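Below is one structure, written out as C-alpha cells; the observations come after it.
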Amino acid sequence: MAEMYIRVAEEENEEPMEIPSEDDGTVLLSTVAAQFPGACGLRYRSPVSQCMRGVRLVDGILHAPENGWGNLVYVVNYPKDNKRKMDEIDASSATKIKRGDQKTSDLIVLGLPWKTSEQDLKDYFSTFGEVIMVQVKRDVKTGNSKGFGFVRFTEWESQGKVMSQRHMIDGRWCDCKLPNSKQGPDEPMRSRKVFVGRCTEDMTTDELRQFFMQYGEVTDVFIPKPFRAFAFVTFADDQVAASLCGEDLIIKGISVHISNAEPKHNNTRQMMERAGRFGNGFGVGGFGERVNESC
DNA sequence: GTTGAGCGTT
C-alpha cells in the first residue's frame with residue numbers, strides 16, 4: 001500500500017496534522033502519541049450518524065473505520081478525555097520528584113585533621129553555599145576530635161558540589177559523603193510515631209512539641225529518663241510521621257535524625273514477639289512496650 | 001600528650 005496519512009487534530013475544529021499510517025493501513029497509537037503526547041486513542045464524527053465514534057484500538061494498533069480512513073479529521077483522545085488533567089498529573093509528579101530529590105541532608109566529613117574546629121569547617125564549606133550546621137565529633141572525655149564531622153547546606157546544589165569532589169582542609173584531603181544512616185531505602189511504615197535520634201539533654205518535651213507542631217498535630221512527646229539522646233514524637237496523622245522519616249531536622253542548632261519508631265534490632269525473641277504476637281507483648285524491658293503501643 | 005579507617009551517645 002502506498003504511503004498514506006490520516007488527519008489528526010487535538011480538537012474537532014483545530015488545524016489537523018497528518019500522521020503516517022502503516023503498510024497495512026493501520027495507524028499505530030505510538031505514532032499518534034509521538035505528535036500528541038499522552039494520547040490514548042482517536043475518535044471521529046460519523047458522517048452518517050453525526051455522532052462521535054471511537055476508532056477501534058487493539059494492542060496499540062488503530063484500525064480504520066469500515067470505509068477506510070478517508071479524509072475525516074480524527075480527534076485525539078486523552079485519558080479521562082481531559083488533557084489538562086494529564087498535564088497537572090505530570091506537573092505534580094514532577095514537583096514531587098523534585099522535592100524528594102532536593103531535600104538536603106547532613107554530609108559526613110571524613111579525614112579531618114585533629115586540629116580542625118567547627119569554625120574552620122564552617123569557614124571552609126561556606127565557600128560552597130550557605131552552611132546551616134557543622135559538627136566536629138569529639139571524644140567526650142578528652143575533647144579531642146575524632147577526625148570526622150558533619151556539615152549541612154541550605155541548598156541541594158551546594159551539597160551536590162561538595163559531594164562531587166575531595167577537599168583540602170587544613171592540609172589534609174577529606175571526603176564528604178552521605179552518612180550510612182541515610183543510605184539504603186527508608187522502610188515504609190504506618191506508624192504515627194517517629195524516633196528522634198541525636199537529641200541533646202537540654203531539649204525539653206515542650207520544645208520538641210513546639211518544634212514538631214509545624215509539621216502537624218503532635219499528640220505525644222516522650223523523652224526517656226535518664227537521658228538517652230533520643231525521643232519519640234507521635235503525630236495525629238500517620239502521613240505526617242511517614243513524611244518525616246529519614247529526614248535530618250535541626251532543633252536548636254542540633255541535627256536530629258528522624259526514623260521509624262519501630263526499634264531496629266535483630267533480637268530473635270523480640271522479632272518473634274512482634275511478628276507472631278507471642279507472649280503478652282510485655283516484659284520486653286526498657287521502653288520496648290512504649291514503642292509498640294499505639295503504633 | 002599517641003591515631004587516619006570510619007559513621008552521628010537508639
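Note on naming: letters A, B, ... go to the chains in the order of the sequence lines (proteins, then strands), and numbering restarts at 1 for each one. Fair warning: this is a prediction, and the values are worked out from it, not measured in the lab.
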Notebook entry, point to check: Between residues 161-172 of chain A and DNA chain B, which residues have a heavy-atom gap below 4.0 Å?
Noted result: Arg172(A)
Margin query: Going by the rule side chain to side chain donor-acceptor pair (under 3.5 Å), which residues pair with Asp202(A) if we only count those two or more places apart in sequence or in a different chain?
Written below: Thr200(A), Lys252(A)
Next item on the list: Go through dT10(B), dC7(B), dT9(B) for me and flag the one nearest to the Pro179(A) side chain.
Entry: dC7(B)
Notebook entry, point to check: On DNA chain B, nearest-nucleotide positions of Cys199(A) versus Asn144(A): which is more 5'?
Noted result: Asn144(A)
Notebook entry, point to check: Under 4.0 angstrom, heavy atoms only, what part of the nucleic acid is Ile254(A) near: base, sugar-phosphate, or nothing?
Noted result: nothing
Checklist line | DNA chain B contacts among residues 117-125 of chain A, heavy-atom distance under 4.0 Å | finding: none
Notebook entry, point to check: In the hydrophobic clustering (ILVMFWY, side-chain contacts below 4.5 Å, transitive), which residues join Trp114(A), or is it alone?
Noted result: none
Next item on the list: Report the hydrophobic cluster partners of Leu28(A), with the cluster defined as I, L, V, M, F, W, Y residues connected by side-chain heavy atoms closer than 4.5 angstrom, directly or transitively.
Entry: Ile61(A)
Margin query: Heavy atoms from C-beta onward define the side chain here; which of dG4(B), dG8(B), dT10(B) lies closest to that of Trp114(A)?
Written below: dG4(B)
Check: Which residues pass the side chain to side chain donor-acceptor pair (under 3.5 Å) test with Glu66(A), sequence neighbours left out?
Finding: none
Notebook entry, point to check: Looking at the side chain of Phe227(A), which of dT9(B), dA5(B), dG8(B) is the nearest nucleotide?
Noted result: dT9(B)
Notebook entry, point to check: dT10(B), dG8(B), dC7(B): which one has an atom nearest the side-chain heavy atoms of Asp106(A)?
Noted result: dG8(B)
Next item on the list: Verify the stacking flag for Phe148(A) against dC7(B): centroid separation must be under 5.5 angstrom and the ring planes must differ by under 30 degrees.
Entry: no
Residues 30-40 of chain A side chain polar contacts: donor-acceptor under 3.5 Å, at least two apart:
none

Below 3.5 Å, can you tabulate the donor-acceptor pairs from side chains in residues 165-172 of chain A to any protein atom, sequence neighbours excluded?
{"from": "Gln165(A)", "atom 1": "OE1", "to": "Lys161(A)", "atom 2": "NZ", "distance (Å)": "2.9"}
{"from": "Arg166(A)", "atom 1": "NH1", "to": "Asp175(A)", "atom 2": "OD1", "distance (Å)": "3.3"}
{"from": "Arg166(A)", "atom 1": "NH1", "to": "Asp175(A)", "atom 2": "OD2", "distance (Å)": "3.1"}
{"from": "His167(A)", "atom 1": "ND1", "to": "Tyr124(A)", "atom 2": "OH", "distance (Å)": "2.7"}
{"from": "His167(A)", "atom 1": "NE2", "to": "Val162(A)", "atom 2": "O", "distance (Å)": "2.7"}
{"from": "His167(A)", "atom 1": "NE2", "to": "Gln165(A)", "atom 2": "O", "distance (Å)": "3.2"}
{"from": "Asp170(A)", "atom 1": "OD2", "to": "Thr116(A)", "atom 2": "OG1", "distance (Å)": "2.8"}
{"from": "Arg172(A)", "atom 1": "NE", "to": "Gly111(A)", "atom 2": "O", "distance (Å)": "2.9"}

Notebook entry, point to check: Of the nucleotides dC7(B), dG8(B), dT10(B), which one has an atom closest to the side chain of Phe150(A)?
Noted result: dG8(B)
Item checked: Gln50(A): partners by side-chain contact (heavy atoms from CB on, under 4.5 Å), with sequence neighbours left out -> Arg45(A)
Margin query: Within the 3.5 Å criterion, strictly below it, is a donor on Asp206(A) or Thr204(A) matched to an acceptor on the partner's side chain?
Written below: no
Item checked: d(NZ, Lys146(A); P, dC7(B)) in whole Å -> 11 Å
